[in-house]
Number of protein chains: 2
Amino acid sequence: MGHKPRKEMIAETRAKLVAAARHAFGTVGYAEASMDDFTASAGLTRGALYHHFGDKKGLLQAVIAEIDAEMLARLKIVSARADNLWQGFVDECTAYIEMALEPEIQRIVLRDGPAVLGDPSQWPSQNECIRSMSENLQKLGDEGTIVAVDPEAAARLVSGASLHAAQWIANSEDPEATSKKAVKAFNVLLEGLLKQGSRIGRPQAPAEIDKSLA
Amino acid sequence: MGHKPRKEMIAETRAKLVAAARHAFGTVGYAEASMDDFTASAGLTRGALYHHFGDKKGLLQAVIAEIDAEMLARLKIVSARADNLWQGFVDECTAYIEMALEPEIQRIVLRDGPAVLGDPSQWPSQNECIRSMSENLQKLGDEGTIVAVDPEAAARLVSGASLHAAQWIANSEDPEATSKKAVKAFNVLLEGLLKQGSRIGRPQAPAEIDKSLA
DNA sequence: ATAATGACATACGATGCGTATGTCAATTAA
DNA sequence: TTAATTGACATACGCATCGTATGTCATTAT
């Protein structure tokens, strides 16, 4: 009678390990997370971990890959539902900041990840997010909305600014006020990308970011 | 006969520990640096380390404080010798990127530091660099060169962009070409800060950054 | 001269990682 | 149907490292 098929059990084990590690990494951090502890919390031992992921770093990679996939999916949804390209780009930046405000992402992806796995610009997953942003910038260039500039370069600078803004906001005493200042300054910088003619309107900063902090 | 005074010996011991740790952290990284090893390389033991710095993290703090002081000093020199405020600000940003290209700074200050000590915007030292940049932006605002924007917010965004640009450049296959693209995009973003009238000239990007990569 | 402080070294216990080995179920082959 | 093999996972071991507790010796204070 129906004991679950092998492949499913294995996938389940991997998922349990990733979930347990993600929780541990996200709360106490990578270095402080004991493999014995969080494998046990998943009802397993380190044996399973080494079998499936090679070592602790391998597991961190798997956790980050999972988080990154979620981030990419969220970004795509955001940029897809805007009614023009520029707005889509701005919304995507805002979504980026919002995600970087989440403690789990901040801890695992933005702090421990780079320390353990090296420069994030070398990760395949992180590059997916950048690529998504680059594509938008490429289209904006073709469209003539922004000045001629290397899309990937701009995407990396903008994401860097976003991430730091998020860290600043998240650790601020008054996150709401800080968020307003950061978003304002962020939009000023983004306007540097716009061509002179397009700049007159001074497009408004999206206000959603404040809701997430209310 | 002149055995050195007590205070000097102690300062020397501390300096030796910081230097040894700085070297170890900068090469193999914080996590891989064995306290037994690098204290021994300084002709001491962990006893001295725990006595002076409390623990491994305390020593990392001391190392980062030393590096940060050097960074701040370099930034002040750069911004002081420019002939106008805007140029001084742009030069300071460029110097920031150049420093972030140095492997020791990248490893200790930009990767291991945040992972071990938390968000850099909370470090007293890192805030010194930001404050220096903020002051310049404040003056630029008073002067009427840039649009009204919170100086600290702008400083943090700009430094974030700089740091990510640096990581991208440093890990690129063709750092020189990448550097050109990054600097161009960086200047485009900075122009967003300039008031419409000031923007006509499209001030040129300083080229010094390319020299450091040649 | 003696007491007290403090700069360091040594000794110890605990924890955590990686590997080597063992076990048992599930697939495959005969 | 049964025997052989694979592979998922647990257990056991050795090693390195960290933090603390304790010891020693020189300097400074009384």
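Lettering of chains follows the sequences in order, A, B, ..., and the numbering in each one begins at 1.
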Taking OP1 and OP2 of D/dT11, is either one under 4.0 Å from a side-chain nitrogen or oxygen of A/T45? no
Could you tell me whether A/E32 and B/K57 have a side-chain N and a carboxylate O separated by less than 4.0 Å? no
Atom-pair distance (CG on B/L49; C1' on D/dT20), nearest Å: 14 Å
A/A48 has its side chain closest, among D/dA10, C/dC8, D/dG7, to D/dA10
Give a yes/no answer on whether the side chain of B/K56 brings an N or O atom under 4.0 Å of OP1 or OP2 in D/dG19. no
Quickly work out the B/F53 CZ to D/dC18 P distance and round it to whole Å. 16 Å
Nucleotide D/dC9, atom C1' - distance to CE of A/M9 in whole Å: 11 Å
Nearest heavy-atom contact between B/V147 and B/G192 is CG2-O, 4.5 Å
Between B/D91 and B/Q87, a side-chain donor and acceptor under 3.5 Å: yes
Base, sugar-phosphate, or nothing: which does A/S34 touch, judged by heavy atoms less than 4.0 Å apart? sugar-phosphate
Would you call the rings of B/Y30 and B/F25 parallel, tilted or perpendicular, where under 30° means parallel and over 60° means perpendicular? tilted
Could you check how far CD1 of A/I10 sits from P of C/dA26, rounded to whole Å? 11 Å
Test your reading of the model: is there a side-chain donor-acceptor pair from B/K184 to the backbone of A/A148, 3.5 Å cut-off? yes
When you match A/H51 and B/A33 each to their closest nucleotide on DNA chain D, which lands nearer the 5' end? A/H51
Write down the distance between OH (A/Y30) and P (C/dG16), rounded to a whole number of angstrom. 14 Å
Whole-Å distance between C/dC17 C1' and A/D37 CG? 13 Å
Could you check whether A/A31 gets within reach of a base, just the sugar-phosphate, or nothing at all, counting any heavy atom under 4.0 Å? nothing
What N/O pairs connect the protein and nucleotides 19-21 of chain C at under 3.5 Å? Give each pair on its own line.
none

Taking OP1 and OP2 of C/dC8, is either one under 4.0 Å from a side-chain nitrogen or oxygen of B/H52? yes
What distance do A/I64 atom CD1 and A/L60 atom CG have between them, rounded to the nearest 0.5 Å? 4.0 Å
Nucleotide of D/dA8, C/dG18, D/dC18 approaching A/M35 most closely (side-chain heavy atoms): C/dG18
Strictly by salt bridge (Lys or Arg N to Asp or Glu O under 4.0 Å), give each pair with a member in residues 118-129 of chain B just once, sequence neighbours left out. B/E128-B/R131
Nearest-angstrom distance from the residue atom CG of B/D36 to P of C/dC12: 15 Å
Distance, rounded to the nearest Å, where A/R14 contributes CZ and D/dG7 contributes P: 15 Å
